[in-house]
Amino acid sequence: MVVRNGRFERLLIQRESDRPQHRLGAGAIGRVAAVDPGLKGAFVDLGAPEPFGFLPLRKSDRVAVGQKVEVEVSAEPREQKGPALRLIGAGEGEPRLLRAAPTVAETLARLAPGAEVMTGPAAMRASLEVEEEALAPGALFAHLGVRLSVERTRALVAVDIDHAAAPGRDGRRDKGRANRDGLMQAARMIRLKGWGGLVAVDLVGAGHDGAAMLAAAKASFGDDPAIAYGPVNRFGVLMLSLPWRTTPLEERLNGLDGRPTVETRAIDAVRRLALALAADTAAPYLTLRCPPTIADMAESLTARLGPRARVKADPALPGRVEIDEG
């Protein structure tokens, strides 16, 4: 994760269960499996299980079924769809990975060049906190006098900026500052969630200075050329479009039922055990007691923590985990 001014700015997740061909920035040789004129694109077999990648085609692009192409992942899978691809050129040979995607360390160095890298207990605690914040539908920023709601539907991301009581601040008399602060926090939360697409921001108040709000939005969301900004409409709503690049956080952590997957629960439990081991160096052993449904995966992960870490399946703990000495 990246932290600026005490706030989480970015959250990066890579898991060993990820398909390397589907990670953002990965390069591969693919075979065109189908061409869909209606979608103006082609589906490409990257040598990984389906779903296949989708390659948007320009008018000048000519591809045929069975053709080999070199591509790069421009957006990770989401909504049970395969990754979006960018055409590099003609390819040769069987579908395969050519270039691995950037590692977490490489991406962190690009996002925060020269920043101090922290590991250990502080980073472990932060990893638990950032997921909780990123999955929340909104937040109260009492020191700013702003209450924020950020929710995603199939059509768009809806952001509502509202006033909140704050000592020494009358947000109703300073809607400009409330909106600027709200836009900054909304952009941060959307980055944490890994969302893109159409974003509708319901600003505080009416009769906005459109130019000032557009400048505030660009300062918050950035000057990426792939971002499209619209004007504030007569209803006080600012519209913009963000590029999709990463798998949304809720899809990374949760299953189709909206609940954390077995893998997510096992990783979370082992992180808590690792944190407990770092905090308690005197105990000869610490045992993670967890439901049988996650014990197998948790045991394979716990083995990496050393001989002091143990796992015990406990049917009496259907929905939680506990850490005990011995």
Side-chain angles (χ1 to χ4, degrees), residues 1-3 8 10-20 22-24 48-49 51 76-81 101 103-104 107 118-139 150-152 189 191-195 246-280 283 285-326:
M1 66 222 77
V2 177
V3 181
F8 296 114
R10 299 273 185 172
L11 174 58
L12 311 177
I13 297 177
Q14 284 190 0
R15 290 180 170 177
E16 293 173 353
S17 60
D18 293 344
R19 295 171 182 170
H22 289 184
R23 285 179 175 168
L24 181 65
E76 294 177 343
R78 60 183 175 90
E79 298 175 347
Q80 303 183 64
K81 301 175 184 176
T103 64
V104 168
T107 304
M118 296 182 63
T119 58
M124 286 185 245
R125 283 190 289 269
S127 72
L128 298 170
E129 294 170 5
V130 66
E131 284 185 8
E132 182 178 353
E133 180 179 9
L135 288 172
V150 182
E151 299 180 283
R152 176 185 165 214
M189 292 185 68
R191 285 193 292 269
L192 285 180
K193 295 172 182 290
W195 289 352
T246 60
T247 300
L249 181 70
E250 68 273 17
E251 294 182 24
R252 295 281 300 174
L253 302 181
N254 300 336
L256 296 178
D257 59 359
R259 299 167 63 87
T261 62
V262 170
E263 182 182 27
T264 293
R265 294 173 63 198
I267 291 173
D268 180 79
V270 175
R271 279 191 297 174
R272 295 179 187 277
L273 177 59
L275 183 56
L277 287 166
D280 184 355
Y285 303 104
L286 288 180
T287 299
L288 172 68
R289 294 198 296 120
C290 57
T293 52
I294 69 171
D296 287 344
M297 183 173 290
E299 187 169 9
S300 65
L301 295 171
T302 300
R304 307 181 190 186
L305 300 181
R308 296 177 59 226
R310 296 180 175 182
V311 174
K312 180 180 179 180
D314 188 341
L317 297 172
R320 68 183 192 277
V321 300
E322 293 182 358
I323 298 172
D324 301 325
E325 288 189 20

Taking all non-hydrogen atoms of both residues, which atom of [X] and which atom of [Y] are closest, and how far apart?
X: Glu151; Y: Trp195; result: C-CZ3, 3.9 Å
X: Met189; Y: Val150; result: SD-CG2, 4.3 Å
X: Gly319; Y: Pro291; result: N-CG, 4.4 Å
X: Thr247; Y: Pro77; result: OG1-O, 2.6 Å
X: Pro49; Y: His22; result: O-CE1, 4.2 Å
X: Val311; Y: Ala295; result: CG1-O, 4.0 Å

Looking at [atom1] of [X] and [atom2] of [Y], how far apart are the two atoms once the value is rounded to the nearest 0.5 Å?
X: Leu286; Y: Leu305; atom1: CG; atom2: CG; result: 10.5 Å
X: Glu251; Y: Lys193; atom1: CD; atom2: NZ; result: 13.0 Å
X: Thr302; Y: Leu277; atom1: OG1; atom2: CG; result: 9.0 Å
X: Thr287; Y: Ile323; atom1: OG1; atom2: CD1; result: 10.0 Å
X: Gln80; Y: Leu256; atom1: CD; atom2: CG; result: 5.0 Å
X: Thr103; Y: Arg23; atom1: OG1; atom2: CZ; result: 9.5 Å

| field | salt bridge (Lys or Arg N to Asp or Glu O under 4.0 Å): pairs with one or both residues in residues 295-313, sequence neighbours excluded | value |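 Listed once each, the pairs are Glu16-Arg304.
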Within residues 316-326 or reaching into it, pairs that qualify as salt bridge (Lys or Arg N to Asp or Glu O under 4.0 Å) - sequence neighbours excluded: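 Every salt bridge (Lys or Arg N to Asp or Glu O under 4.0 Å) pair that includes a residue of residues 316-326, provided the two are not neighbours, is Arg289-Glu322, Arg289-Asp324, Arg320-Glu322.
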Stepwise side chain to side chain contact (heavy atoms under 4.5 Å, CB included) check, Ile294 with Val321 = CA-CA 10 Å; Ile294 69 171; Val321 300; 4.1 Å; yes
Member of Glu131, Arg259, Arg15, Arg252 meeting the side chain to side chain donor-acceptor pair (under 3.5 Å) criterion with Thr264:
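For Thr264, the side chain to side chain donor-acceptor pair (under 3.5 Å) check succeeds only for Arg15.
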Next item on the list: Under the side chain to side chain contact (heavy atoms under 4.5 Å, CB included) rule, what do Leu253 and Leu249 come out as? Steps first, then yes or no, please.
Entry: CA-CA 6 Å; Leu253 302 181; Leu249 181 70; 3.9 Å; yes
- Is a salt bridge present between Asp268 and Arg265, judged by a nitrogen-to-oxygen distance below 4.0 Å?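 A salt bridge is absent here (no side-chain N lies under 4.0 Å from a carboxylate O).
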| Is the CD atom of Glu79 crowded by more than 12 outside heavy atoms at less than 6.0 Å? |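 Yes - once you tally the heavy atoms of other residues, nucleotides and ligands closer than 6.0 Å, there are more than 12.
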